[in-house]
Amino acid sequence: MDALVRPVVDPTFAGAALAFLLCGAALGTASGLVPGLHANNFALLLAGLAPSIPADPLLVGVAMLGAGVVHSFLDIVPALALGVPDAATAVAALPGHRLVIAGRGREAIRLSAVGSGLAVALAVPLALPITWLMARGYPTVRAHLPLVLAGVVVFLVVTESSRRAAVGGLVAFLASAALGVATLDVDPSAPLDVGGVLAPLFAGLFGAPVLVDALGGEGVPPQSDARITMEKRDLGVSATAGSLAGAVVGYVPGISAAIASVAALPAVPRSEADRGFIVATSGANTANTVFALFALVALGTPRTGVTVAIDRAEVPLALPILLVACATAAACGFALVLLVGDAYLRVVGSADYTRLSVGVLCLLCLVSYAFAGAFGVGVFVVAALLGLVPPRLGARRVHLMGVLIGPLMLG
């Protein structure tokens, strides 16, 4: 116990921890503001470099967590600013895009910040009871994991808005599952020793399609005031629903925060569907990041790229210190999304969308090459083409999580 308590009151350790946390926050800011990049990329890079870093491994873990939490706050910003359709296609747009088109993008950014902030605040009282329940139920879940995952797939398909969308979602799931089976076990040679195909897969499935769609966009229209118009009660209900869903899925393999967001939708007030969706999605995203840490401590199994990196780097699981790091990173993320979000919308809104999208697509190609070599670039291209399919069939892109769920269902 002394080993876990001493660093908290040691000014030297506290100063070093803050420095590493700020470095992690900077990495999370970079990954959060570039579509297709993820804090997982930087966390795994840090895991590979950890043995050569002359510092306590716990400090490296603090940086990894800082990157993950800050990323979960900031990734809403490019999602809102890029891929915004013109007014004629607003009906088919995502809820966040609809708010941007209506001039309420600044409000959407603040709704996201509140959702993520409340998720961290709720994590403290919810952590012990949810971890207690999940630790006892996990052996059953693990023993019947294919059935659990199949149930999740059925839920995602049947909750689509139409029969056409449901069929499109199922097609997207099966195609992405096949892509996962074909690529996840490949160990390609790459410039980075911590390379892997997850980076090009997720950049292609979820980042590139947004950028491709943005090529024909008209930019971000002028945005009005940043006042949150959602009722406090509806805001609290949406944030709680997202946080609970994100907390639960943090313990189940293959289930992402995006799926948690879908699970939380029935609790979102219908009168505030678009705003509630943003709050619930952000809450689920951040809660998933925080509770994955509890899953690692309680079950010994990593659930996210960040916790995989923490496990690989053999970071001591000093939970009090890591929780303080999460809370501090959440404060940084909340401040950063407010400071950066409005400027991001303004700059992107006045930029040449075609040049901007092509530039970021080239960057994602480079990232894919860095993590998985030429094979990774090929995977990125195939995944990007697949990522374009669901919206054109009226389905949600969340079905593309079949890239992880499919291989897990097959064992």
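Keep in mind that the numbers below use all heavy atoms, side chains included, and drop hydrogens, waters and symmetry copies. Since the structure is predicted, the reported quantities are computational estimates derived from the model, not experimental observations. Nothing fancy with the numbering, it's 1 onward along the sequence.
Here the side chains of Leu59 and Ile53 are not in contact, with every heavy-atom distance at 4.5 Å or above. Between Leu198 and Phe371, the closest side-chain pair of non-hydrogen atoms is not below 4.5 Å. Within the 4.5 Å cutoff, the side chain of Pro57 has heavy atoms near those of the Pro316 side chain. Between Leu393 and Val167, every side-chain heavy-atom pair lies at or beyond the 4.5 Å cut-off. Counting only heavy atoms from C-beta outward, the side chains of Phe291 and Leu126 approach each other to under 4.5 Å. Side-chain atoms of Leu58 and Leu322, non-hydrogen and from C-beta on, do get closer than 4.5 Å to each other. Using a 4.5 Å heavy-atom threshold, the side chains of Arg110 and Phe334 count as separate. Between Leu299 and Phe294 there is no side-chain heavy-atom pair separated by less than 4.5 Å.
Looking only at distances, no side-chain donor or acceptor of Thr240 sits under 3.5 Å from a matching main-chain atom of Val237. Remark: side-chain polar atoms of Gln223 are paired, donor with acceptor, to backbone N or O of Val100 under 3.5 angstrom. Without hydrogens or angle criteria, Thr281 side chain to Ile278 main chain gives no donor-acceptor distance under 3.5 Å. With hydrogens and angles ignored, the 3.5 Å screen pairs a side-chain donor or acceptor of Glu107 with a backbone N or O of Thr229. Checked by atom type and distance alone, the side chain of His399 never pairs as donor or acceptor with a backbone atom of Val153 at under 3.5 Å. Side-chain atoms of His71 do not come within 3.5 Å of backbone N or O of Ala67 as any donor-acceptor pair.
Atoms OG and CZ, on Ser112 and Phe277 in that order, are 11.0 Å from each other to the nearest 0.5 Å. How far OG1 of Thr183 is from CG of Leu201: 4.0 Å, rounded to the nearest 0.5 Å. Taken to the nearest 0.5 Å, the CZ atom of Phe206 stands 5.5 Å off from the CE atom of Met401. Atom OG of Ser243 sits about 11.0 Å away from atom CG of Asn288, to the nearest 0.5 Å. For the atom pair CG of Leu361 and CG of Leu356, the computed distance is 9.5 Å after rounding to the nearest 0.5 Å. Atom CG in Asp75 sits 11.5 Å away from atom OG1 in Thr29 (nearest 0.5 Å).
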Check against side-chain contact (heavy atoms from CB on, under 4.5 Å), Val379 and Ser368
CA-CA 8 Å; Val379 169; Ser368 299; over 6 Å; no
Does the side-chain contact (heavy atoms from CB on, under 4.5 Å) test come out yes or no for Leu336 and Phe73, once each step is laid out?
CA-CA 8 Å; Leu336 282 167; Phe73 274 80; over 6 Å; no
Passes side-chain contact (heavy atoms from CB on, under 4.5 Å), Ile109 versus Leu345? Steps please.
CA-CA 10 Å; Ile109 286 172; Leu345 283 176; 3.6 Å; yes
Would Arg396 and Thr159 count as a side chain to side chain donor-acceptor pair (under 3.5 Å) if you check the C-alpha gap in whole Å, the side-chain angles of each, and the deciding distance to 0.1 Å?
CA-CA 10 Å; Arg396 298 178 294 239; Thr159 54; 2.9 Å; yes
Could you go through the side-chain contact (heavy atoms from CB on, under 4.5 Å) check for Val315 and Val62 one step at a time?
CA-CA 9 Å; Val315 174; Val62 166; over 6 Å; no
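Taking every heavy atom of both residues into account, Pro391 and Gly387 meet most closely at CD-O, 3.8 Å. In this structure, Pro407 and Leu184 approach most closely via the heavy-atom pair CG-CD1, 3.7 Å. When all heavy atoms of Gly394 and Ser161 are compared, the closest pair comes out as O-OG, 4.3 Å. Between Thr289 and Ser72, the shortest heavy-atom contact is OG1-CB, 3.9 Å. The minimum heavy-atom distance between Leu386 and Ala175, with the atom names listed, is CD1-CB, 3.6 Å. Considering every non-hydrogen atom in both Thr286 and Ser116, the closest pair reads OG1-OG, 2.9 Å.
Within a 6.0 Å sphere centred on OH of Tyr369, heavy atoms belonging to other residues, nucleotides or ligands number 12 at most. The local environment of CG in Leu128 is sparse, with at most 12 non-hydrogen atoms from other residues, nucleotides or ligands closer than 6.0 Å. No more than 12 heavy atoms of other residues, nucleotides or ligands sit less than 6.0 Å from atom CG of Asp185.
Under the ring-ring contact (aromatic ring centres under 6.0 Å, His included) criterion, Phe173 pairs with no residue at all, not counting sequence neighbours.
We find that Arg104 and Asp274 are not joined by a salt bridge, their nearest charged nitrogen and carboxylate oxygen being 4.0 Å or further apart.
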